[in-house]
Amino acid sequence: MRVRIAPSPTGAPHVGTAYIALFNLAFARHHGGQFVLRIEDTDQRRSSRESEQAIFDSLRWCGLQWDEGPDVGGPFGPYRQSERSALYVTHCAQLVARKRAYPCFCSAARLDVVREAQKAAGEDWRYDRHCRGMDADEAQRRIDAGETHVIRLAMPTDGATTVPDALRGAVIYENHRVDDQILLKSDGLPTYHLANVVDDHLMEITHVIRAEEWINSTPKHVELYDAFGWEPPVFIHMPLLRNADKSKISKRKNPVSLEYYQRAGILPEAFLNFLSLLGYSMPDERDFFSLAEFIADLDLTRVSLGGPVFDLAKLEHINGLYVRAMSPELLGDRAQAWLTEESRHHAVAELVQDRVPTLAAWNAQIAMFYGGKVTWGDEARHFLVGCSSRKKKSVRLDAKRSRAMFDDLIARFESLAPWHRTEIEAALRAAVELSGAQIGDGFMAVRVAISGSTASPPLFESIETLGRAVAVVRLRAASDWLRGKGHLNDEIVTIEKQLAALRLTQERLAEAQAAGGRIAPTEQ
RNA sequence: GGCCCUAUCGUCUAGUCUGGUCAGGACACCGGCCUUUCACGCCGACGACGCGGGUUCAAAUCCCGCUGGGGUCACCA
């Protein structure tokens with residue numbers, strides 16, 4: 001038996017990728033099969049080698065090692081779709097020859113018009129098959145003339161396609177509702193659907209274990225297997241991980257980057273144990289077990305189909321179980337290794353050098369560089385909301401403006417390349433400038449959000465060393481706090497009142513000083 | 001909105017196929033014990049079969065309907 005995961009290298013390595021990888025790997029190991037890693041980088045615009053490397057690194061950190069893949073090779077390579085383009089083109093040509101696919105010359109503009117018309121008429125959006133009946137000679141002539149075109153799947157117009165899902169049974173789709181999916185894009189590269197089916201067949205994948213979000217496109221895949229005359233694999237759609245509000249897990253509402261969990265001090269074996277418990281339970285309901293035990297006892301019929309909420313509290317509990325199960329020696333070694341991984345301590349040393357008169361001061365100074373979220377005390381929260389500016393020309397930060405600034409900065413950080421102090425500074429300055437706040441005020445709010453304190457090592461360098469994953473999560477936490485959830489709204493109102501009072505006091509102080517008066521120092 | 005999936009404590013789940021155990025465990029929360037503190041540990045409390053029909057001596061479990069939740073409807077995967 002052969003299974004695979006096929007992540008797209010378009011961003012930070014995702015917790016959902018690890019979840020699906022875990023079940024694939026366990027399935028392969030349980031049955032003595034192979035677990036393949038294939039990189040789906042057919043989206044030229046969004047894919048990157050950095051992201052691909054990050055996926056390798058994070059999956060390895062989890063302990064999910066693949067048997068075949070771009071970096072380890074294997075008998076079915078290449079394992080990067082961008083290196084397999086010719087395969088898709090020739091296979092797609094077969095489909096066209098068999099009239100199971102056809103060239104389409106419709107422009108994006110025409111498609112938009114059709115889509116709008118269908119929407120206005122209250123119909124489902126589907127390609128209107130304008131090019132489907134085109135004469136083969138005419139099509140060939142236009143292709144030869146160099147006209148840009150795509151290749152579409154000629155979905156049957158009647159009947160139904162049955163998707164046999166191993167967990168759900170037969171899921172039936174009426175063919176007339178299924179779109180004539182684009183198979184080959186105008187840039188000559190395949191879409192997911194084509195590449196996926198061709199590769200799964202060529203790589204002799206027997207079981208497709210993927211997330212449920214794919215189930216609605218599976219009839220297209222089934223149709224493709226049929227058109228090629230191939231035996232389809234067994235389809236197993238796993239439930240989708242959810243946010244606390246039950247929506248599909250998202251970075252907006254959860255830390256989804258695997259790098260974050262590594263940086264937050266989660267043990268990979270605990271992380272895997274936790275993931276194993278989502279949508280799944282061991283036959284004897286054990287909730288503390290190794291990957292080896294999981295593999296040994298794996299039975300996919302035990303998967304429960306309701307979408308499980310990703311609960312950080314439970315993750316931390318399980319992590320604690322692992323911490324306490326270790327010998328003190330092992331724990332010490334593991335903690336030490338974690339502290340020095342990636343040689344981060346060298347970068348940290350550079351940043352705290354001026355602040356550690358003795359080595360004993362080291363610990364206190366480095367705290368912000370390790371771990372996930374930070375907690376803010378009352379004083380720190382004042383600065384999150386916004387500190388009072390002395391310059392009248394600039395905008396005064398308040399909860400709303402401060403949050404907008406954080407959100408803007410998060411977006412900038414997420415797409416920042418490279419992740420380097422110079423670029424970080426530029427992003428930071430741009431975000432604060434856009435907010436209208438005085439530069440120092442904005443920087444202070446960010447400093448507090450990032451470090452948890454009003455005093456920290458140099459900001460840009462610190463953010464660089466902290467890493468994108470953790471920096472973004474901390475900023476997000478600040479933004480979330482400012483948005484106010486439940487009682488937090490009241491807390492912000494209180495803080496804003498206090499701030500107003502503080503400003504008043506300062507103004508009076510300034511007036512008094514201007515008047516030459518002396519003011520007795522107030523007690524703190 | 002159409003289509004598809006789904007439905008047990010706040011959360012993760014066992015039990016559902018093969019109707020009959022006070023619906024069990026874990027996390028979180030709350031209370032207590034232990035303890036110089038904290039943590040761990042231990043004990044306890046709270047807490048669920050979405051609703052309505054039907055089948056049956058008996059329904060969380062089987063059937064139908066409703067409702068809720070989610071996903072999906074791209075030259076992204």
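We name chains A, B, ... by the order of the sequence lines, and we start the count at 1 in each one.
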Restricting to nitrogen or oxygen on both sides, can you table the protein-nucleotides 61-68 of chain B pairs closer than 3.5 Å?
none

Residues passing the salt bridge (Lys or Arg N to Asp or Glu O under 4.0 Å) test with Arg84(A), sequence neighbours excluded, are Asp199(A)

List in chain and number order the residues that pass side chain to side chain contact (heavy atoms under 4.5 Å, CB included) with Asp180(A), two or more places apart in sequence or in another chain; answer none if no residue qualifies.
Tyr102(A), Tyr127(A), Arg129(A), Arg132(A), Arg152(A), Met155(A)

Extract from the structure each pairing of a protein N or O with an N or O of nucleotides 30-35 of chain B at less than 3.5 Å, listing the distance.
none

N/O-N/O pairs, protein side and nucleotides 14-18 of chain B side, under 3.5 Å:
residue : atom : partner   : partner atom : Å
A14(B)  : OP1  : Ser281(A) : OG           : 3.2
A14(B)  : O4'  : Glu285(A) : OE2          : 3.3

Between A74(B) and U67(B), how far apart are the two P atoms, rounded to whole Å?
26 Å

Could you write out each protein N or O paired with an N or O of nucleotides 37-45 of chain B at a distance under 3.5 Å?
residue : atom : partner   : partner atom : Å
C40(B)  : O3'  : Arg324(A) : NE           : 3.2

Could you run down nucleotides 71-77 of chain B 5' to 3' and tag each one B, S or - for protein heavy-atom contact under 4.0 Å?
BSSSBBB

Salt bridge (Lys or Arg N to Asp or Glu O under 4.0 Å) against Asp179(A), all qualifying residues, sequence neighbours excluded:
none

By side chain to side chain contact (heavy atoms under 4.5 Å, CB included) - contacts of His317(A) (at least two apart):
Leu321(A)

What residues form a side chain to side chain donor-acceptor pair (under 3.5 Å) with Glu116(A), not counting sequence neighbours?
none

Spacing of Leu275(A) atom CG relative to C12(B) atom P, expressed in whole Å:
14 Å

Taking only residues two or more places apart in sequence or in another chain, which ones pass side chain to side chain contact (heavy atoms under 4.5 Å, CB included) with Val113(A)?
none

When you check the side-chain N and O atoms of Glu68(A) and Tyr79(A), is any donor under 3.5 Å from an acceptor?
yes

For Phe274(A), give me all partners under ring-ring contact (aromatic ring centres under 6.0 Å, His included), at least two apart in sequence or on another chain.
Phe310(A)

